[in-house]
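Excluded from the calculations below are hydrogen atoms, water molecules and symmetry mates; all remaining heavy atoms, backbone and side chain alike, are included. Not measured: the values here are computed from a predicted model.
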Amino acid sequence: MSDSKHVFDSADDSESLPIPTLAAGGSVDDAGPKRWLGSSKNKTVRGMQSRHLTFIAIGEMIGTGLFLSIGDSVATAGPGGALVAYALVGLFVYGVVMTLGEMASLIPVSGAFSTFGDRFVSPVLGATLGWNYYLQWALSIPSELVAASIILSYWTDKLQTWEWSLIIIFPVFAFNLLPVRNYGEAEFWFAGIKVVLIVMFILVGLIYDWGGVIGHPGPGLSNIQDGPFAGGFAGTVQSFTYAFFSFGGVELVALAAGESAQPHKAVPRAIKATFFRIVLFYILTCLVIGLCINRNDDTLESAYFDSDVAASPVTIVFQRAGFGAAVHVVNAVLLTAVLSATNSCFYASSRMLLSLAREGNAPYFFAYVTKGGVPVPALTLTLAFSFLTFLTTIWGSGVVFTWFINLTGVSALFTWIAIAATNLRFRRAFKAQGRPLSDLPFRAPFSPFLGLSAIVLGCLMFAAQGWASTTYGDEGVELAKDVLAVYIGMALFFGIALGFTIHHKITKPGVPLLVPLLECDFETGAVWGRGGGAAMREKEQLEAENEPAKGGRWLGVLKKATRSL
């Protein structure tokens, strides 16, 4: 971990803030050797603005899971069961995001919760979270590529899944070699497109269901009344995996905080509306699908298991509402959503691997960063994971897509539980060191109960999934697959933890696994030091009071610019 400490200079503007404290050694201005792979002395760059961070928080909640897998959740659990599953996971994720935002707004580093686990709980937890998260995102790339190939096959079936993947993956990889500001700008527009589509889908779906489209009578409440909880309790809890996969990415805003210009402002702003985004993008979307498409409709599972994007619930609702000509537009938007998700997979996994390398938990070669702040070696290893899409030539797109969801979905659950647990330790250490709560740029509501409830709810949902995997009615090989689908993510998480525990015992004998409360590091990479929160708020209040009146604001800006010339 870096020994350098950078605190935001309140006299500077957002563009002159110090760059993230990820490098081990070297000064801030040390650019390192001019190699295309970069240098371990280079740092990532704070190139993202507040609007980028806000739209990343919005856009990462709208991805492949929402468009393709939510239909299978309705088919498995019934419309009511799917709604309950997504609502419970949404409540759980809300607690996780709030507690994570509390830590990330104070210490905005690209390692995010991996760094927090290392500092406030144990080096083993930090390494486990980092590698688990890296694999979670790196293994999501093949599933996103499969989804993209499914969408593209709507227009032509002349190319196989792996061929489409090769066409897509290299331009996305090349784009990630550009400075991070380009990633933020791309996600800003991608997120805007996805939001417009989802809002239109909800409005069109509700109008169609209520019979507001002439010549296309809507089903009304008939689909909801036809077995709302047809899958029973087991079906509902089995839908948790789809929900975990769909919500994956909500924590990405914390990683992006390490490369944002004003994280103490941007992070709280980005996460405060999380509850409303969950309701709008997931709860209402799930409700509309349940209203418009019967749970026994084959199309609900076709988009998930077959190469037929025309069966996506979003596409089906538009078609049945009489917007058949809009299907091509909808599919094009779905494609941008998947490309956005793939782009984010590269970003999240490469930044986490970079942080792991800088903290000594990965080969140091992956700590290399270019002068533009791009971790090329980390991106290259992530590119290698994308070639797992070749497995589709052996088992088929649907099988590969399903197993990657099982692996990454449950893996995300353990990451989220660990984030909430880390926040509890963060709070205890903060109090033990006598730090004022005013030093926190953002305070999670209902703390510490919000974190506790997230941990309890997450554990209960996992236990319910384990129970459902053995009681859903399957036998023999199918039963074994159901059980493996639930516990494979758990095996991955605790397998990594066991490996790093052994490594810690061998390489650092005598060093305690649990970090003492008084030794928890709140300074390295923090936006301000002890007592800096009150000073910053006082400064911002004075600036607000001295700001020109609304009518003369632009005149004041012009005068300021003239003086600088």
Side-chain angles (χ1 to χ4, degrees), residues 1-4 19-26 30-45 47 109-119 123-142 169-170 172-180 183 252 254-259 342-388 408 411 415 492 495-497 499-500 503-504 507 524-525:
M1 186 179 296
S2 172
D3 292 326
S4 61
I19 50 186
T21 58
L22 281 178
D30 185 5
K34 295 182 179 180
R35 297 193 297 257
W36 77 274
L37 287 179
S39 166
S40 61
K41 294 183 179 181
N42 291 337
K43 286 69 165 189
T44 52
V45 178
V109 291
S110 292
F113 41 85
S114 172
T115 301
F116 303 149
D118 180 85
R119 291 191 190 185
V124 170
L125 179 62
T128 301
L129 281 174
W131 273 109
N132 183 73
Y133 194 73
Y134 173 77
L135 292 173
Q136 175 188 327
W137 277 91
L139 292 174
S140 292
I141 294 177
I169 197 62
F170 286 108
V172 174
F173 173 76
F175 183 80
N176 275 269
L177 295 177
L178 300 175
V180 71
Y183 168 76
L252 186 59
L255 271 73
E259 297 177 70
T342 307
N343 195 32
S344 296
C345 287
F346 270 101
Y347 176 82
S349 54
S350 63
R351 266 53 178 187
M352 185 56 75
L353 183 57
L354 166 66
S355 178
L356 286 167
R358 293 277 165 94
E359 292 171 358
N361 294 318
Y364 202 66
F365 173 71
F366 295 113
Y368 279 44
V369 176
T370 66
K371 290 182 65 176
V374 180
V376 176
L379 283 168
T380 304
L381 180 64
T382 305
L383 174 66
F385 274 92
S386 68
F387 295 131
L388 290 175
T408 58
S411 178
T415 297
L492 174 67
I496 295 173
F500 275 102
H503 179 267
H504 182 87
T507 59
T524 305

Any non-hydrogen side-chain atom of [X] less than 4.5 Å from a side-chain atom of [Y]?
X      : Y      : result
Ile169 : Leu383 : yes
Val172 : Ile141 : no
Phe113 : Met352 : yes
Trp131 : Leu353 : yes
Ser350 : Trp137 : no
Arg358 : Val109 : no
Asn176 : Asn343 : yes

Which of Leu381, Leu354, Leu356 passes side-chain contact (heavy atoms from CB on, under 4.5 Å) with Phe366? It is Leu381
Testing the basics here: between [X] and [Y], what is the closest heavy-atom pair and its distance to 0.1 Å?
X      : Y      : answer
Pro123 : His504 : CG-CE1, 4.2 Å
Ser114 : Leu129 : CA-CB, 4.3 Å
Pro363 : Ala357 : O-CB, 3.5 Å
Ala497 : Thr128 : CA-OG1, 3.2 Å
Leu125 : Gly117 : CD2-CA, 4.2 Å

- With distance as the sole test, does Thr380 use its side chain to make a donor-acceptor pair with the main-chain N or O of Val376 at under 3.5 Å? yes
**OP:** Output yes when a side-chain donor or acceptor of Ser349 lies under 3.5 Å from a complementary backbone atom of Tyr134, and no otherwise.
**Re:** no
Going through the checks in order, is the side chain to side chain contact (heavy atoms under 4.5 Å, CB included) test met by Leu178 and Val374?
CA-CA 7 Å; Leu178 300 175; Val374 180; over 6 Å; no
To the nearest 0.5 Å, atom CG of Leu177 lies from atom CZ of Phe175 at 10.5 Å
